[in-house]
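Taking it in order: structure first as structure tokens, then the write-up.
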There are 2 protein chains.
Amino acid sequence: MTNQSIELDRVFRALADPARRAMVERLSRGPAPVSELARPLPMSLPSAMQHLAVLEAAGLVRSEKVGRVRTCAIAPEALSQVEQWINARRIEWERRLDRLGDYLQTLDSEGESNGPRD
Amino acid sequence: MTNQSIELDRVFRALADPARRAMVERLSRGPAPVSELARPLPMSLPSAMQHLAVLEAAGLVRSEKVGRVRTCAIAPEALSQVEQWINARRIEWERRLDRLGDYLQTLDSEGESNGPRD
DNA sequence: GTGATACTTAGTCACATGACTAACCAAAGC
DNA sequence: GCTTTGGTTAGTCATGTGACTAAGTATCAC
């Protein structure tokens, strides 16, 4: 279990909740205080704060308190990790499908000439 | 709570586990029977099957049983949903940062000419 | 300095998750 | 046909998650 893997765990898990995704969506459009993030959500403020804590633990959100207001902002680096993982998978299966395509085409050519043409 | 959102929940949640990601990684390289997916994992076969069920419920994996062997394959469509969501967020914050950049440049120009030049 | 505002902490509770063993079913192999 | 193999189901259990209320702290506005 690498550190890499544990971070991915946290990021995927953090995004696996509509309330938390709503917060990320809001923050993608600019920084906001806790109360503004919590207001649209159908839950109490403490519950919303818990979600926020999950996002911060995953590195998706940074926040800073000034006076009595905590302002939150998105931290895009964490998302790029997810993108990289997905891209790696896509590359693997596309390469495989290419090989498969080549193979099928080979079969096809062999069919035309009624045997391999080496 | 849209259907879209519920699907995203399931996909993110499914990927938030190293055992399940390992299965997806394996299947990206080609189809495999249940036992091959389970073998490298540090858990019993029934536990592995449960993980597999989560992946299937999320639409990330399809499987078909022939004889006594169930062969699993990746279903790439589900992953593209995730990609789309992440891209949408990136577009939002990049647009915002562009606007911010423009604004800062405006301030800069105003500084040079010592006032707005309209 | 008193009250409202903006969080924060603590404590509780229901339910979901993820692991296990044991037992079971059905197709192969001999 | 009996055994092995590959998968499945059932039932149990510990832990994690996500919600709440109540109460506390630290600013800010007057």
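The sequence lines fix the lettering, A, B, ..., with proteins before strands; numbering per chain opens at 1. Atoms considered below: every heavy atom in the structure, side chains included; atoms not considered: hydrogens, waters and symmetry mates. Keep in mind it's a predicted model, so treat the numbers as computed, not measured.
- On a pure distance criterion of 3.5 Å, no polar donor-acceptor pair joins the side chain of A:Arg68 and the base of C:dA6.
- Side-chain atoms of B:Gln50 lie closest to C:dC20 of the nucleotides C:dA10, C:dC7, C:dC20.
- At a threshold of 4.0 angstrom between heavy atoms, the contacts of B:Ser44 include nucleobase atoms, whether or not backbone atoms are also involved.
- Distances were taken from every side-chain heavy atom of A:Pro46 (C-beta onward) to each of D:dT8, C:dA19, C:dT9; the shortest belongs to C:dT9.
- Proximity of A:Ser35 to the phosphate of C:dT5: no side-chain N or O atom is located under 4.0 Å from OP1 or OP2.
- Put simply, A:Ser47 has a side-chain N or O that comes within less than 4.0 Å of OP1 or OP2 on D:dC20.
- Counting only heavy atoms from C-beta on, A:His51 has its side chain closest to D:dG18 among C:dT8, D:dG18, C:dC7.
- Looking at heavy-atom distances under 4.0 Å, B:Pro33 makes contact with sugar-phosphate atoms alone, never a base.
- Residue contacts shown for B:Arg39 are absent, as no nucleic acid heavy atom lies under 4.0 Å away.
- Salt bridge A:Arg39/A:Glu36: absent, no basic N to carboxylate O contact under 4.0 Å.
- Judged by distance alone, the side chain of B:Arg21 and the main-chain N or O of A:Ser5 form a donor-acceptor pair under 3.5 Å.
- Here B:Arg70 reaches the OP1 or OP2 of D:dT8: one of its side-chain N or O atoms lies under 4.0 Å away.
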